[in-house]
**Q** 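The structure is given below, and queries will be raised subsequently.
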Amino acid sequence: MTLGLINANPVVQAKKERLVRREDQYRDDGVDPLEIYEYVRDIRDPEHPYTLEQLSVLSEESVTVDDKLDRILIMFTPTIQHCSMANIIGLCLRAKLKECLPLHYKVDIRVSPGSHADEVSVNKQLNDKERVAAALENPNLRQLVDECIYSDEI
Amino acid sequence: MTLMDKNLGLVEVQKLEGHTDRVWNVAWNPAADGVLASCSADKTVRIWEQSSLTRSWTCKAVLEGTHTRTVKSLAWSPCGKLLATASFDGTTCVWENFATDSESVSVLQVHESEVKSVSWNASGSLLATCGRDKSVWIWEILPEYEFDCSAVLTGHSEDVKMVLWHPTMNVLFSCSYDNTIKIWCSEDEDGDYNCVQTLGESNNGHSSTVWSISFNAAGDKMVTCSDDLTVKIWKTDISRMQSGEGYVPWTHVCTLSGFHDRTIYSVHWSRDGVIASGAGDDTIQLFVDSNSDSVDRPSYKLLLKKEKAHEKDVNSVQWAPDKESRLLASASDDKMVKIWKLASEP
């Protein structure tokens, strides 16, 4: 771990109000992208004591759902181009969703296009399920991920 | 029933339940009919046996307590008496004595990180392993289950997903997250292994991680599958190679694309020429060469597509080693192992 923060001056947004959604907005048997967003918006950033939403890493537009194919795409925007935490953030998203989602959904996670210098290699690693599984079995990484996804319960 | 039968289907014979986490791989015992091993993220290996009376499979043994992390891959020795297992805990274990008390007789600990695959050569004298540390290791098997490191092969620039020995020659194949397939053999008297060929994008190779390799029965063709959503077929002139002419390169024959729409994790070529593939789209698909009887160029086509073969990703497909049964085993993220039969549907 480097001693200095990767991004010492993140831009922090105020916590957004939780909107009450209309019940009939989406098909009963589909998954509402906003519902998925609820699961991930409060994940804490690995470096700063703010949520991914507050740092604009995630927003409501981050989640898209393809109901026909049962696929979910999450795009997140690291705070800076050379963010080395991008892989950790991706792992946090996967770990959190694994607990919350109906089992049959396929999840793809990518950095927003143009938002990271190593976009192609970060995306490849985040979508290699063997690499993700092995990383989440690593006790040090798992601990960091747990701290980020369970932070609101501490 | 032939492969030209119009009512061919992949019929589910049995679901084998027991693993408590995703099942990564299955392997049929090459010497004992109806014996299958499976390995899982639950850190165990299960041995399943088919009852001669009821014809159904039950779990005969659970190999646990040795690996401390996911068991990713496994391979039976050609004589069927030993089972090698590769784990994310960085070790490769060799087990024996399944009838009585399975015992881990050897633990190889050399990889610096997760071991992804293990393979025995045709005579059972050599073992190969590979892993995320980008290396491939070759081991010589000595008496009393001693393993002597014979070679450490570096060359892949990323995580090596699978190693597989050629079915008849001591030529080793590896495939990787670096999108290539590398071929290793020993060309000189020293017995030193070198990379004699790399199949990459410039040779019509894959454009993303290559997950699996399989050979046809004759050993003159190879099938590979990838995260690039394609299955590729390759060939070599095996008689020239066997005649001692030295290494004969492999060349691309064709690419099967548009069939799977998620990463293809496994391919396996049956003894009677059917290629099975298993992927993240939860399907199992079968392909055959429709020109195999003629001298025409091979023409591979889809024989059948089994939708929702599992509830989740299919990680491994393996045909039973005998020629008649047409049984296929599959392993999935849904924690199941399934046994299928390629047969005419009623």
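Just so it is clear: chains get the letters A, B, ... in the order the sequence lines come, proteins before strands, and each one is counted from 1.
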**Q** In the structure I gave you, are the side-chain heavy atoms of B:R22 and A:K129 within less than 4.5 Å of one another anywhere?
**A**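 Yes, side chains in contact.
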
**Q** Would A:E130 and B:K161 pass as an ion pair if we require N to O under 4.0 Å?
**A**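 Yes.
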
**Q** Determine whether more than 12 heavy atoms belonging to other residues, nucleotides or ligands lie under 6.0 Å from atom NZ of B:K15.
**A**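 No, not enclosed.
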
**Q** Would a distance-only check, ignoring hydrogens and angles, find a side-chain to backbone donor-acceptor pair under 3.5 Å from B:Y177 to A:R131?
**A**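 It does not hold such a pair.
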
**Q** Would B:F88 and A:N138 count as a side-chain contact (heavy atoms from CB on, under 4.5 Å) if you check the C-alpha gap in whole Å, the side-chain angles of each, and the deciding distance to 0.1 Å?
**A** CA-CA 10 Å; B:F88 284 1; A:N138 174 317; over 6 Å; no

**Q** Please determine whether the number of non-hydrogen atoms from other residues, nucleotides or ligands lying under 6.0 Å from atom OH of A:Y50 exceeds 12.
**A**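 For A:Y50, atom OH is not crowded (no more than 12 foreign heavy atoms under 6.0 Å).
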
**Q** Tell me whether B:K306 at atom NZ has more than 12 heavy atoms from other residues, nucleotides or ligands lying less than 6.0 Å away.
**A**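 Yes - once you tally the heavy atoms of other residues, nucleotides and ligands closer than 6.0 Å, there are more than 12.
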
**Q** So that I can tick it off, tell me whether A:K106 and B:D261 are bridged by a salt bridge, with the cut-off set at under 4.0 angstrom between side-chain N and carboxylate O.
**A**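 No salt bridge links B:D261 with A:K106.
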
**Q** If every non-hydrogen atom of B:R69 is compared with every non-hydrogen atom of A:A134, which pair is closest and at what distance?
**A**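 Taking every non-hydrogen atom into account, NH2-O, 2.9 Å.
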
**Q** When rounded to the nearest 0.5 angstrom, what distance separates CG in A:D70 from CG in B:D281?
**A**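 Between A:D70 CG and B:D281 CG, I get 13.0 Å after rounding to 0.5 Å.
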
**Q** Under 4.5 Å, counting heavy-atom pairs only, tell me which of A:L69, A:N127, A:D128, A:D108 racks up the most with chain B.
**A**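 Option with the top pair count is A:D128.
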
**Q** With chain A as the partner, which of B:K72, B:R262, B:R132 has the greatest number of non-hydrogen pairs under 4.5 Å?
**A**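 So the answer, after comparing B:K72, B:R262, B:R132, is B:R262.
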
**Q** With a 6.0 Å cut-off (strictly less than), is the heavy-atom count around CD of B:E112, excluding the residue itself, greater than 12?
**A**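 Counting other residues, nucleotides and ligands, CD of B:E112 stays at 12 neighbours or fewer.
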
**Q** Looking at every heavy atom in both A:E137 and B:A41, which two are closest together, and how far apart are they?
**A**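 Minimum heavy-atom contact is OE2-O, 4.5 Å.
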
**Q** Is it the side chain or the backbone of B:D313 that comes within 4.5 Å of chain A heavy atoms, both, or neither?
**A**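 Both parts, backbone and side chain.
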
**Q** Do other residues, nucleotides or ligands put more than 12 heavy atoms under 6.0 Å from the CD atom of B:E12?
**A**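 Yes, enclosed.
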
